[in-house]
Number of protein chains: 2
Amino acid sequence: MISKKTKYAINALVHLAKRKDEGPIIIAEIAKAENIPQKFLEAILLDLKKAGILASKKGKAGGYYLLKAPEDVNMADVMRLFDGPIALLPCVTYMYYERCEECKDEETCGIRDVFLEVRNKTVSMLKKSTLLEIIRREGKQKRPENED
Amino acid sequence: MISKKTKYAINALVHLAKRKDEGPIIIAEIAKAENIPQKFLEAILLDLKKAGILASKKGKAGGYYLLKAPEDVNMADVMRLFDGPIALLPCVTYMYYERCEECKDEETCGIRDVFLEVRNKTVSMLKKSTLLEIIRREGKQKRPENED
DNA sequence: TCTTTACTCTACTAAATAGATAGACTTAAT
DNA sequence: ATTAAGTCTATCTATTTAGTAGAGTAAAGA
């Protein structure tokens, strides 16, 4: 599961993407419209700004706005920013590699090999999941392809 | 990331799968061979037993052994057992559905639609990742298909 | 320049979860 | 009866998650 922080970030980003031509939008509006505790949202938006995804304007007529195009903001980046690596094992992360403490031989580890493949395919899916894609799908859901 | 508990469970299962014709194996041996704290492992093996994946024999010449065939034990089941749902959002879980608290309209939610697809594909991958597959891959790693 | 508006920064807190550890108890084989 | 091994209950500490409080700073406009 992703954290609430990440989910709130996605909600806020979708909100901003849908109004990207309306100039800066204040935190209070996003918080109210998306049902997010305002103080919590403040910290989240600040992080998104530091990451170069959003920009802000202070004072009167201020607020936050998208810096990147909606097709250039993907779920992999947002999830990494708040929840850390997408990989399921520390030994298959891209940026935060760490050996599994109990591991005997990483080079021949079959578990690692299987989870490396899972990571690669997951990252690839999440990179295709952009704000644009999310907005395009709103209200016109596809039928699920796999069921289990 | 999966929890250490889940990772230890996988390590123990692989150990038991590789010696599946040698009769019951004692906890102490698995703990030592796989570098897992013994007391922690005891609880894990008990859970795997309750889940019908392992069986145990008490007393002298006792220990744990695989109840299912290695090709019938997959990572999706093990992860669900210890870490809960595989889905990244509560509203797209299969067994543990829960509405996202802040959600305005689940039926038309583009975020949900995107994460439902991610869940379906992830579960499908993890179901193919069986103990047999892990053991087959040991020492003969494939080259990664995607890099990012 | 004063006031208002809105973002920014630092600190704190409560509850839940992760990752264990300790010790007594039960069961089965010899 | 003894010994080997799994089982059960309780407890513990550190970290993370989710959220709150309040003071500080910057920009617009009257």
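None of these values were measured; they are calculated from a predicted model. Below, chains carry the letters A, B, ... as their sequence lines are ordered, and counting in each starts from 1.
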Between N or O atoms, less than 3.5 Å apart, protein on one side and nucleotides 28-30 of chain D on the other: list the pairs.
none

Just jot down the salt bridge (Lys or Arg N to Asp or Glu O under 4.0 Å) partners of [X], sequence neighbours excluded, or say none.
| X | result |
| --- | --- |
| Lys32(A) | none |
| Glu71(B) | none |
| Glu98(A) | none |

Nearest whole angstrom, please: distance from the [atom2] of [N] to the [atom1] of [X].
| X | N | atom1 | atom2 | value |
| --- | --- | --- | --- | --- |
| Leu54(B) | dT7(D) | CG | P | 10 Å |
| Glu42(A) | dT25(D) | CD | P | 16 Å |
| Lys4(A) | dT20(D) | NZ | P | 11 Å |
| Leu46(A) | dG24(D) | CG | P | 18 Å |
| Ile44(A) | dT17(D) | CD1 | C1' | 12 Å |
| Asp83(A) | dT16(D) | CG | P | 12 Å |

Would you check if [X] and [Y] make a side-chain contact, meaning some heavy-atom pair closer than 4.5 Å?
| X | Y | result |
| --- | --- | --- |
| Leu131(A) | Met75(A) | yes |
| Phe82(B) | Ile44(B) | yes |
| Cys103(B) | Glu106(B) | yes |
| Asp77(B) | Leu81(B) | no |
| Ser3(B) | Lys5(B) | yes |

Listed by chain and number, what are the ring-ring contact (aromatic ring centres under 6.0 Å, His included) partners of Tyr8(B), not counting sequence neighbours? Phe40(B)
Side-chain N or O of Ser56(B) closer than 4.0 Å to phosphate OP1/OP2 of dA5(D): no
Phosphate oxygens OP1/OP2 of dA18(D): is one of them under 4.0 Å from a side-chain N or O of Tyr8(A)? no
Under 3.5 Å, side chain of Thr122(A) to main-chain N/O of Val118(A), donor-acceptor pair present?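 Yes.
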Answer yes or no: is there a donor N or O on one side and an acceptor on the other, between the side chain of Arg112(A) and the main chain of Cys91(A), under 3.5 Å?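 At least one qualifying donor-acceptor pair exists.
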Gly63(A) or Glu101(A): which one's nearest nucleotide on DNA chain C is closer to the 5' end? Gly63(A)
Near DNA chain D, under 4.0 Å by heavy atom, which residues of residues 16-39 of chain B?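 Per residue number, the list reads Ile25(B), Ile26(B), Ile27(B), Lys39(B).
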Under-4.0 Å salt bridge between Arg137(B) and Glu117(A): yes
Filter on side-chain hydrogen bond (donor to acceptor under 3.5 Å, both in side chains), then keep only pairs touching residues 57-66 of chain A, sequence neighbours left out; what's left?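 Those involving residues 57-66 of chain A do not exist here.
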So which one's nearest nucleotide on DNA chain D is more toward 5', Leu45(B) or Phe82(A)?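 Upstream on the strand: Leu45(B).
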Return yes if a side-chain donor-acceptor contact under 3.5 Å exists between Asn74(B) and Thr130(B), otherwise no.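 No, Thr130(B) and Asn74(B) have no side-chain donor paired with an acceptor closer than 3.5 Å.
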List in chain and number order the residues that pass side-chain contact (heavy atoms from CB on, under 4.5 Å) with Gln38(B), two or more places apart in sequence or in another chain; answer none if no residue qualifies.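 Gln38(B) satisfies side-chain contact (heavy atoms from CB on, under 4.5 Å) with Ile27(B), Ala28(B), Ala31(B), Glu42(B) once adjacent residues are dropped.
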Which salt bridge (charged side-chain N to carboxylate O under 4.0 Å, His left out) pairs, counting each pair once, include a residue from residues 7-27 of chain B, with sequence neighbours left out?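 Residue pairs with at least one partner in residues 7-27 of chain B: Glu102(A)-Lys7(B), Lys18(B)-Glu138(B), Arg19(B)-Glu22(B), Arg19(B)-Glu29(B).
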In the 5' to 3' direction, the nucleotides of DNA chain C bounding the stretch that comes under 4.0 Å of a heavy atom in chain A are dT5(C) to dC9(C)
Once you build an axis from the first five pairs and another from the last five of the helix from dT1(C)-dA30(D) to dT30(C)-dA1(D), how far apart in angle are they, to 10 degrees? 10°
Report each atom pair, protein N/O against N/O of nucleotides 9-11 of chain D, whose distance is under 3.5 angstrom.
none

